Every structure is written in C-alpha cells, then in structure tokens.
Amino acid sequence: MKRILYIVIAAITIGSFLFSCEPVEDRESLDAITLTPATTKFSVVQNPANDHEVAIKNEDPNVIPYWHYIDSKGNELGHSNKGDDKIILPFGGTYKIFYTAYTRGGAVEAPPVTVTVAENDEAYFSDERWGLLANRTEGKTWVLNMVKPLEFVDAKYINSTLSPAGWWPLLSEIPWANLENKDWGEITFDLKGGYNVSVTQTNPTLGSTEKTTKTGTFNFAFSDQSKNDRLIFNGGLEMLHPNDATYFSSSFSFTNVRLVELTETTLSFIAIRADGGYLSYHLIAKTNTL
C-alpha cells in the first residue's frame, strides 16, 4: 500500500514538472511593418453630383482601416472604422480626411486627402430653427433682455408658451438680484463653414469697456415640436452673467442646455445652478435693440 502511494506521488510530481515546462500560450512576435504611407490602398471620392457626400473605401483586405476628418480650423468632425463608408459634410469649406491602416506590426497613416465643398447644403439647414437662431451663414447676435433677463424655474419648465411662467425677480427690490441695466455683452451664432459661436462677456466689476471674447462651436439638437431642443456649447464657453454665484458659478453647465424659447426676436435657455435649481436666461436679437 505504501509502495502504491509513493508511485502515485512520483507520477504527480513528474507530471507537474512536465506541464510546467510547457509554455502557457503559443506567443508570436509582431510582424515587421512593410506597409508605408505611399503603399496604403484606399480611396476618397467626392460625389460629382453632390459635393457634400464623400465615399471612403479601404482597398487592402489585410489591414483594419480607421478614418477621421477635420475642418479647416482643425476641429474633429467625425471618425469611422468601416471598410466602406460615406461622409456627409453639410457646410461649405475645406476638409482633410485621414486614413490609418492597422497592420499586425502597427499603424501606418497615409497623407490626408483634402476635399472642398462649395457651399452649405440648404436642404440640410431647411428647418426654420437654424434661421431663427443663427440666420444661417449671415450670423445672428443676441444680448440679454434687460426688461426680464432672468427667470427662476423648476425642472418641469419645458417651453414658455406651454408651461406657467416661473419667478421673475423684481430686481429693484431684491438686493442679491440687483442686475444692473447695462451692456453685459453678446452671443453670436453663425453657420459660416461650421457651427460657430462667440461670446463677448463684459467684466462684471470693471465696467462695460472691459470685455473678453471666447469662440467655440455648438450643436443644435432638435426634438419633436421643439419641446426639448438642446444647445450644446463646446470649447469651455460661458454665457453672459454677472459676477454673482446666484447667477453663475463654476458648477454651472453650458455643455448641454435646454432651449426653452426661440423666435425671430427672443431666445431663452436654461442653465443648472449649483443647488440643482434652474436659471433661465432670456435674450433678444441685437437688431431688436437698435
């Protein structure tokens, strides 16, 4: 019996030794990269009947393609990892399309292909809200409506024409809501080759002559019946505000604000305060103030 036990132990020990000498997995070294930017195989073809459409195609079955494209300002517009895809460029302007081939040995990036779009796609921007907000390529500038610049509302506030009005602070009677009637700056939207927005902010403490301007981009997210339209401001932009935490703090978010009213002459959107409350900014078209 003891001899049998010794034999079993010896067998287990030898077996363990043999298995431990085997590699855990069959490893392979990466292939050498033989592909060069000049030998990549792909095509970028602009539709001759519609220069807003660009067909992109990977013509090398041995690689994994990756595409990305930018506008003339270097803004990233989109990307794709499809072998055969279509890019839609609604704005007039110049664009660069980059192709990267991923091989077993690494990535190879081809020189970018430049395409030019003659003008904006009017069909794409046919919704009247583009005209109301930005006057399309002409641009449109908005300033605070100093008659009723701010409104405190709750989360149920959807559209000023559909919901009861919020609380309009009577500025002359509320010390902390003392918003001086002066030039607080302006916001300008336009569609000149992109979703452009600039904010000129008056310094709240140094007077109307001290202003700073920041530029960025925006997205206009439409919804059914305009009940939940969104404006997304990119580039760290801040909206017009006095230097008071009641109206503005670093926790305010303008990266995704709810649009509550948009007409030819009025624009209102909601920012979320630090305490979770909603603060609606009311603006009017600048031409309406002349």
Side-chain angles (χ1 to χ4, degrees), residues 19-125 130 134 136-137 189-198 213-222 230 232-237 255-256:
F19 280 113
S20 65
C21 292
E22 292 293 326
V24 175
E25 59 183 2
D26 187 15
R27 298 182 184 274
E28 295 181 3
S29 60
L30 293 176
D31 294 346
I33 300 178
T34 58
L35 190 67
T36 68
T39 59
T40 51
K41 299 177 182 179
F42 68 97
S43 62
V44 176
V45 180
Q46 204 164 6
N47 185 345
N50 181 359
D51 63 357
H52 298 282
E53 296 180 0
V54 180
I56 54 177
K57 186 176 182 179
N58 172 50
E59 298 176 347
D60 187 343
N62 299 313
V63 305
I64 298 174
Y66 175 78
W67 314 81
H68 74 279
Y69 44 102
I70 63 174
D71 63 16
S72 59
K73 299 177 182 178
N75 296 315
E76 187 87 16
L77 301 179
H79 56 85
S80 173
N81 60 1
K82 295 181 178 180
D84 193 345
D85 206 355
K86 181 187 292 184
I87 296 173
I88 303 298
L89 302 170
F91 294 104
T94 301
Y95 303 87
K96 288 184 178 180
I97 300 174
F98 294 81
Y99 167 83
T100 302
Y102 284 90
T103 71
R104 288 179 62 85
V108 178
E109 184 173 293
V113 177
T114 300
V115 299
T116 300
V117 178
E119 57 187 9
N120 286 7
D121 183 355
E122 292 302 323
Y124 182 87
F125 296 106
W130 290 112
R136 296 183 170 85
T137 57
F189 299 88
D190 74 63
L191 301 174
K192 298 175 183 177
Y195 303 94
N196 307 307
V197 59
S198 66
T213 299
K214 294 182 179 181
T215 60
T217 61
F218 74 97
N219 298 97
F220 199 166
F222 293 154
R230 299 278 176 168
I232 297 92
F233 294 96
N234 310 308
L237 291 178
T255 57
N256 189 2

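As the structure is a computational prediction, the values presented were derived from the model and not from experiment. Values below: every heavy atom of this structure, side chains too, minus hydrogens, waters and symmetry copies. By convention here, the first residue in the shown sequence is residue 1.
Here Glu119 pairs with nothing under the salt bridge (Lys or Arg N to Asp or Glu O under 4.0 Å) rule; sequence neighbours left out. Tyr95 is linked by a ring-ring contact (aromatic ring centres under 6.0 Å, His included) to nothing, counting only residues two or more places apart in sequence or in another chain. Tyr69 is linked by a ring-ring contact (aromatic ring centres under 6.0 Å, His included) to nothing, counting only residues two or more places apart in sequence or in another chain. Annotation: ring-ring contact (aromatic ring centres under 6.0 Å, His included) contacts of Tyr66 (sequence neighbours excluded): none. Take Asp85 and apply the side-chain hydrogen bond (donor to acceptor under 3.5 Å, both in side chains) test, not counting sequence neighbours, and it matches Ser80. Listed by chain and number, the residues in a side chain to side chain contact (heavy atoms under 4.5 Å, CB included) with Pro112 are Lys96, Phe98 (sequence neighbours excluded). By the side chain to side chain contact (heavy atoms under 4.5 Å, CB included) test, Ser72 is found to be paired with no residue, residues two or more places apart in sequence or in another chain being considered. Annotation: side-chain hydrogen bond (donor to acceptor under 3.5 Å, both in side chains) contacts of Asn81 (sequence neighbours excluded): none. Contacts of Ile64 classified as side chain to side chain contact (heavy atoms under 4.5 Å, CB included), with partners at least two apart in sequence or in another chain: Tyr102. Shown here are the side-chain hydrogen bond (donor to acceptor under 3.5 Å, both in side chains) partners of Thr39, two or more places apart in sequence or in another chain: Thr36.
A 4.5 Å side-chain heavy-atom check between Val117 and Gln46 finds at least one atom pair inside the cut-off. For the pair Val115 and Leu89, the minimum side-chain heavy-atom distance is below 4.5 Å.
Nearest heavy-atom pair across Thr215 and Ser198 is CG2-CB, 3.8 Å. Across all non-hydrogen atoms, the minimal contact from Thr137 to Asn120 is CG2-ND2, 3.1 Å. The shortest non-hydrogen separation linking Asp190 to Phe218 is O-CE2, 4.1 Å. Among all heavy-atom pairs drawn from Pro90 and Ile88, the shortest one is CD-O, 3.5 Å.
Under the 3.5 Å distance criterion, the side-chain polar atoms of Asn58 are left unmatched by any main-chain donor or acceptor of Phe42. Under the 3.5 Å distance criterion, the side-chain polar atoms of His79 are left unmatched by any main-chain donor or acceptor of Trp67.
Sorted by first and then second residue, the salt bridge (Lys or Arg N to Asp or Glu O under 4.0 Å) pairs with a member in residues 37-55 read Glu53-Lys86; sequence neighbours excluded. Evaluation of the salt bridge (Lys or Arg N to Asp or Glu O under 4.0 Å) test over residues 54-82, restricted to residues two or more places apart or in two chains, returns none.
The ring-ring contact (aromatic ring centres under 6.0 Å, His included) with Tyr195 is formed by just one residue from the set Phe189, Phe233, Phe91; it is Phe91.
Here the CD1-CG distance, from Ile70 to Leu77, works out to 8.0 Å after rounding to the nearest 0.5 Å.
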Next item on the list: Go through Thr103 and Asn62 one step at a time and tell me if the side chain to side chain contact (heavy atoms under 4.5 Å, CB included) criterion holds.
Entry: CA-CA 7 Å; Thr103 71; Asn62 299 313; over 6 Å; no
